[in-house]
Every structure is written in C-alpha cells, then in structure tokens.
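Okay, so here's the structure we're looking at.
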2 protein chains.
Amino acid sequence: MTVTLKDVAERAGVSRSAVSRSFTPGASVSAKTRAKVEQAAAELGYAPSALASGLSTGRTKLIGLVSNNFHNPVFLEVFDLFTRAIQDRGLRPLLVNLSEDTDPEAAIRMLRQYSVDAVIVASSTLSPAFAADCKAAGLPVVHAFGRATQHPEVPVVCIDNVEAGRMAARALLARGYRDIGFLGGPAGATTTQDRLAGFRQELARHPGCRLRESFASTYSHDAGAAEMSRLIDTGPLADAYFCGDDVIAIGALGVLRKAGRDVPGDVGLIGFNDMEAASWGLVTLTTIRQPLDEIIEVSVGQAIALSERPETPVTQTLLPLTLIERGTLRPRM
Amino acid sequence: MTVTLKDVAERAGVSRSAVSRSFTPGASVSAKTRAKVEQAAAELGYAPSALASGLSTGRTKLIGLVSNNFHNPVFLEVFDLFTRAIQDRGLRPLLVNLSEDTDPEAAIRMLRQYSVDAVIVASSTLSPAFAADCKAAGLPVVHAFGRATQHPEVPVVCIDNVEAGRMAARALLARGYRDIGFLGGPAGATTTQDRLAGFRQELARHPGCRLRESFASTYSHDAGAAEMSRLIDTGPLADAYFCGDDVIAIGALGVLRKAGRDVPGDVGLIGFNDMEAASWGLVTLTTIRQPLDEIIEVSVGQAIALSERPETPVTQTLLPLTLIERGTLRPRM
DNA sequence: GGGCAAATTGCAACCGGTTCCTAAACCGGT
DNA sequence: ACCGGTTTAGGAACCGGTTGCAATTTGCCC
C-alpha cells in the first residue's frame with residue numbers, strides 16, 4: 001500500500017542508500033542519480049516515513065507542546081502562534097493537555113516514547129517542577145510564561161511580573177488615583193505574588209496612597225465577578241483596581257456596571273494580557289499587554305537550539321510590557 | 001542513554017521477544033517471565049519506543065487534529081475537549097494549524113509521513129475537499145463541524161444548520177418580533193447559506209413577517225460591529241437580528257449600545273454557539289448552543305472506529321441544538 | 001592512455017520494536 | 001516414568017529508513 005524507499009530504488013534502478021541520500025540535504029549524490037530518484041519518487045508519490053527516519057536519526061521533528069490553560073482566551077492566540085512558529089520551521093506540535101486529571105509523569109513518559117526533539121511548556125499556572133522533571137528525563141525543555149528566578153533550572157521565557165505590578169501602579173498614580181485596589185488572581189499563584197510585590201513597591205514610593213488587596217479564586221470571569229460583588233457588599237470601593245488578568249477585569253466590570261457604578265467615572269479598572277475581548281466595543285478595557293509573539297518566537301528558537309546542542313546554557317528571557325490605553329481608566333492628569 | 005528492549009531482556013535474562021510480549025496485552029507470556037520483565041523494566045525505567053512500535057505495527061496512536069479556526073473563542077473549548085477525548089483513549093493529538101498561508105497538500109503529506117492513525121478535521125470554514133483529499137491519500141478521516149450533505153464522502157459530525165435557522169426564527173416569532181433581520185456570517189459560507197435557508201423557511205410560514213438580510217464579512221467581532229454600524233447608518237433597523245455567531249452578535253451588541261439603542265428594548269439579538277463570553281455579565285447573550293462535547297465524543301469515536309476498520313460505512317451525525325435564553329431577546333409573549 | 005585524488009555508489013549493519021515459526025518446557029493422566 | 005497436548009520461549013526476519021566503510025566510477029592533468 002504505502003510506497004517505500006525500496007520501491008523508489010527499484011524503479012529508479014539505484015540502491016536504497018542512493019534514494020535516502022537524495023532526500024538528505026547535503027548528502028553525496030550525483031545530479032544524475034538525484035534526478036532519476038526524484039522522477040521515480042514523484043511517479044510513485046513517495047514520502048519518506050518520519051517514523052523510520054526518526055528511529056534511525058534520533059530526531060523526530062516533533063515538539064511536545066504542553067499546557068493546562070484551556071480556559072483562558074489568550075491561550076487560543078498562544079496556540080495559534082505556537083503552532084505556526086513550529087510549523088514554519090518544519091516541525092510539528094504534539095499537543096498535551098495537562099489538565100487536573102492527567103498525570104504529569106505519564107505525560108513525560110509519553111513524550112519520551114515519541115522521542116520528541118524538545119518540549120515547550122506553555123503555562124503560567126503550571127509548577128516549574130514539571131519542566132524540571134522533563135529536563136531530568138533527558139528532554140530539552142523551555143518554559144514559556146514561566147516564572148523568572150535567580151537560578152533557573154530550565155530556560156524560561158516570560159515577562160517581568162514584578163515590573164508589571166509597578167507599571168500598573170504607575171499608570172494608576174499618573175491618572176490621579178490614590179485609593180487603590182489590587183484585585184489579583186489566586187493568592188497562591190506566583191504571578192499574583194510577583195505583581196503584588198511590584199505594585200506595593202511602587203505605591204510605597206507615594207506616601208499619600210492607600211492600598212487594598214483582594215484576590216479572585218481563579219483566573220476566570222466568574223471569580224472576578226464574585227470577588228467584585230463581595231467588595232461591593234462589604235464596603236466602599238477603592239477608586240481603581242489593578243486586576244489579575246483581563247478575564248477577571250471583565251468579570252469585575254460586568255458587576256460594577258450592573259451595580260450602577262460608572263467605569264471609569266466612579267471606579268477605574270486596569271487588566272492584564274490584552275486578550276482579544278479587551279478591545280471589544282462592550283469592553284474597551286485598559287490593560288497591559290504581554291508580547292505574545294515575541295515570547296513564542298524566542299521559546300521556539302530556544303527549544304530548537306537546545307535540541308540541537310543540549311549543552312546550550314540555561315538562560316532567562318524577560319520581554320517588555322506595553323500599556324494599552326482604552327476606556328476603563330480616566331485620562332492622565 | 002535510552003534504555004531499550006535489549007537492555008531489559010539482558011537484565012531479566014530472557015529474550016527480546018519475551019520482553020516485547022510482556023508489554024503487549026493478550027500476548028502469550030508466563031506469569032513468571034512477565035514478573036521478571038516488569039521488575040527489570042521498572043529498575044531500568046524502560047518505556048517502549050512509540051516510534052519503533054509504530055513502525056512495525058503500522059499504528060502510531062497519533063491522531064492528526066486539523067483546524068483553521070484559531071480566532072474563534074469557542075475553538076479553545078473545542079481543542080480542550082478534543083485533546084482530552086483523544087488522550088483519554090490513549091492516543092495523542094498531532095495539531096495542524098491550517099491557516100491561510102499553509103499548504104493543504106503539504107499538511108496531508110506530513111500526516112502520511114507520521115502515519116497518523118486517523119485525521120480529525122475540526123472546522124466549519126474549511127472546504128470539504130480537504131477531508132476528501134485526506135481520504136484519497138488513504139488517511140481515515142472525520143470532519144467535525146462540517147456540512148451535512150446528501151452523499152457525504154467522509155463521515156461528518158455536525159449540527160443541522162438549516163434547523164438552526166428555523167430554531168432562531170421560531171424563537172424570534174414566539175417573542176413577537178415581526179420585522180426581522182438576518183445578520184449572517186460571510187455570505188459565501190455554507191453555514192450562512194444553510195442557516196439562512198432554514199430561517200427563510202420558517203418565516204415564510206408566517207405571512208405578516210418582514211425579513212431583511214445582511215452579512216458580516218467574516219466570523220469576527222469587528223466584522224459584526226462593522227455590519228451593524230452600516231445598518232444603523234443606512235436606515236431604520238429591524239426589531240431583532242439572528243446573528244451568524246456569538247462574536248458577530250457581540251460586535252453588533254457593542255455598536256448598538258454605543259449608539260444608544262437598548263437591547264433588548266429597542267432591538268433583539270440572538271447569537272449562535274454559546275461561547276463562554278456569551279454568559280459574561282457584560283454580554284448575557286441569548287444564543288443557540290451546539291453540543292460541543294457530543295460532537296467531539298462522536299468524532300473521536302468514529303475516527304478510532306475508522307482507523308481500526310477502514311471499511312466502516314460513511315455516516316453523518318446530526319446533533320441537537322439548544323436555545324439558551326439570556327438577556328438579549330424580550331420575553332416570550 | 002595512464003595515474004591519482006575526489007566524488008559516488010552499494011553493501012551491510014543498525015535504530016527499537018513486533019511477530020511468525022519452531023523447539024523446548026510444562027501439564028495432567030495413566 | 002511415559003505420553004499427548006498446551007503453553008511458553010527464543011531465533012530470525014521484518015517494519016522503513018540512515019550511515020560508515022570499502023569499492024567503484026569519474027574527472028583532470030600530464
């Protein structure tokens with residue numbers, strides 16, 4: 001049924017090695033032989049088996065793409081960019097959904113079984129231990145959207161969440177807000193902690209400020225809505241809130257509007273991520289944008305580098321953020 | 001570096017065949033041998049190479065998951081469900097992003113090279129020719145979210161778009177709307193055509209109705225917004241619109257609110273898909289839900305069946321829709 | 001035309017499993 | 001202890017490529 005190297009070799013009247021070499025860039029074949037082979041291959045519709053070649057060369061051109069963020073709308077964009085970046089370089093993404101109920105160890109075993117050339121972990125909520133375990137299992141790995149640390153075990157490509165906190169604080173201060181709220185994601189998440197740290201840091205430089213802290217239980221619309229409801233019920237609100245991410249902000253925004261509060265008139269809101277919905281007419285959320293495309297380009301580049309030269313030193317890449325002004329903060333003063 | 005069958009065999013003091021059989025369910029091995037093998041394998045941390053076994057058995061446990069919908073938020077949910085469904089059955093999704101600039105032929109060649117067990121095309125906007133080409137290339141294929149036809153070439157799992165049109169019409173009529181608009185997706189899309197057909201059909205049964213037809217240029221927020229702007233600018237609006245999908249509806253909703261029209265007071269809106277954002281507090285969109293989970297379960301089931309018995313007859317599965325009432329239509333009369 | 005180095009070619013072993021086939025080990029029964 | 005029938009085990013070929021090595025061909029120069 002399937003046409004193999006041997007079939008092409010027979011048809012072209014050459015050896016199997018000659019055919020193999022004709023398909024290997026830079027191998028030693030005469031123009032004449034290559035022509036015969038290509039002709040025969042075309043006639044037969046031959047395509048070399050990636051399995052067989054992966055088996056003998058040890059490289060499969062498969063990249064394990066692991067994530068557990070299948071509910072955050074930005075990740076659709078992330079998957080789009082990742083799959084394209086991977087495909088553009090002649091590789092293929094083997095997607096792994098590492099949701100609650102899947103065993104991380106099994107996932108790693110699986111990635112080894114398919115001998116993927118590298119693994120890219122795309123998640124801000126997954127423990128760094130997972131990436132470290134991949135590395136321990138001998139898989140080249142890059143953690144995109146991970147946490148920057150002093151002594152990273154694996155390459156991390158991310159933004160500086162502490163700086164994100166500072167940036168949000170500066171944006172709020174510049175617009176004259178003084179009674180300021182932090183409406184973070186889950187209190188235990190490192191992203192929340194880092195952003196809060198930066199946020200506090202910057203506010204501390206402005207004596208007259210008040211900071212109130214609260215947390216949504218997850219990075220989700222409903223959690224953001226629930227937390228904002230609670231804040232409304234339990235007392236006067238701050239003048240403006242820095243939200244854990246855009247979905248949380250949108251949840252909060254919905255509750256505020258329903259409660260008759262004007263945004264940004266009564267309350268200011270700033271989100272994080274710049275997901276597509278942030279620009280929707282109903283939303284027009286002021287937010288901080290992560291450079292998704294750069295994060296992804298760098299991640300894929302590093303993954304490939306690492307798969308080619310495993311001894312490549314472990315580095316950390318911090319990429320710059322951008323404030324996207326829309327309509328949920330009052331103008332600069 | 002990697003531990004192979006041979007290593008395990010030597011350690012366990014048995015032949016390579018014995019090891020292989022120990023890992024093949026239903027093979028003939030004595031309990032004693034299997035125990036020795038399992039012990040040795042555990043000690044060595046052995047995991048059989050999926051490549052090698054794929055090469056000799058012809059089955060790779062790889063499922064090609066092809067889509068070009070990386071901008072429609074429902075597809076994040078679709079990918080979540082697909083990857084889980086596939087993983088739950090011990091298979092792996094090889095993701096293919098078939099965006100504009102990627103060559104469908106190259107994609108098919110690639111899927112053959114990796115000898116995926118089956119291909120699932122997950123897209124409502126991709127030509128049925130792609131799935132047909134997969135089949136012609138000898139790949140078992142299922143088209144999820146495809147179009148139902150009289151003589152399907154490949155199995156299709158979808159909803160009945162004509163019925164969707166009727167359902168939307170009935171919902172609007174039941175709420176007393178009589179001057180009714182169809183704000184479809186791209187006019188050339190089969191989904192648009194089918195829904196419009198059903199919509200007309202049902203309205204035709206109610207003599208006193210007026211139907212106005214218009215189309216957004218793509219299934220996107222901005223296209224929906226643009227088309228609604230145009231409608232507002234060019235004359236009086238209908239009483240209610242059936243939108244091509246939820247993103248289009250949300251785009252239209254944003255424009256209406258900004259123009260000072262009350263929804264549902266002045267204008268009613270019904271969407272399609274029931275994407276997550278439809279339930280957001282800011283949106284509360286009345287819409288028609290496709291049973292994503294069922295579509296995906298059935299698709300995966302059929303893909304597997306087809307890969308195991310290629311002669312499985314080609315069937316078409318139409319799954320039922322549900323009206324989800326939220327806040328963009330006035331109450332039933 | 002002869003001689004030499006460089007380019008090409010084919011052979012054969014190997015990548016890591018699977019499976020057919022035959023031979024050996026095992027079983028209960030007498 | 002012996003027999004016939006099952007299990008179980010191992011040898012070897014195969015899946016479809018890749019690649020080191022030795023042999024052959026080619027091209028060039030004298």
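In the text below, chain A, chain B and the rest are named by the order of the sequence lines, each starting its count at 1.
- Between A/Lys36 atom NZ and C/dT8 atom P the separation is 14 Å, expressed in whole Å.
- Under 4.0 angstrom from either OP1 or OP2 of C/dT19 there lies no side-chain N or O belonging to B/Ser17.
- Atom C1' of nucleotide C/dT19 and atom CG of B/Leu55 are separated by 14 Å, given to the nearest angstrom.
- Remark: P of C/dC11 and NZ of A/Lys6 are 14 Å apart, rounded to the nearest angstrom.
- Residue whose closest nucleotide on DNA chain C sits further toward the 5' end, between B/Ser53 and A/Ser15: A/Ser15.
- Neither OP1 nor OP2 of D/dG16 sits under 4.0 Å from any side-chain N or O of B/Tyr114.
- The CD atom of A/Gln302 sits 4.5 Å away from the OG1 atom of A/Thr317 when rounded to the nearest 0.5 Å.
- Nearer to the 5' terminus of DNA chain C, by closest-nucleotide assignment, is the contact made by B/Thr57 (compared with the other of B/Lys32 and B/Thr57).
- Here the straight-line distance linking atom CD of B/Glu10 with atom CZ of B/Arg16 works out to 10.0 Å at 0.5 Å rounding.
- Inter-residue side-chain proximity for A/Arg84 and B/Phe70 is flagged as unmet; no heavy-atom pair is nearer than 4.5 Å.
- Residue B/Val29 is in sugar-phosphate contact alone, with no base atom involved, counting any heavy-atom pair closer than 4.0 Å across all strands shown.
- The base of D/dG17 lies outside donor-acceptor range of the side chain of A/Arg21, with no N or O pair under 3.5 Å.
- The aromatic ring centres of A/Phe145 and A/Phe75 sit less than 6.0 Å apart.
- Judged by distance alone with a 3.5 Å cut-off, no donor-acceptor contact links the side chain of B/Arg16 to the base of D/dG10.
- Each end of the helix from C/dG1-D/dC30 to C/dT30-D/dA1 gets its own axis, taken as the rotation carrying the C1' atoms of four end pairs onto the next four within a five-pair window, and the two axes meet at 30° to the nearest 10 degrees.
- Side-chain contact, A/Asp117 with A/Ser307: no donor N or O sits under 3.5 Å from an acceptor N or O.
- Between B/Ser20 and the phosphate of C/dT18, there is a side-chain N or O to OP1/OP2 separation shorter than 4.0 Å.
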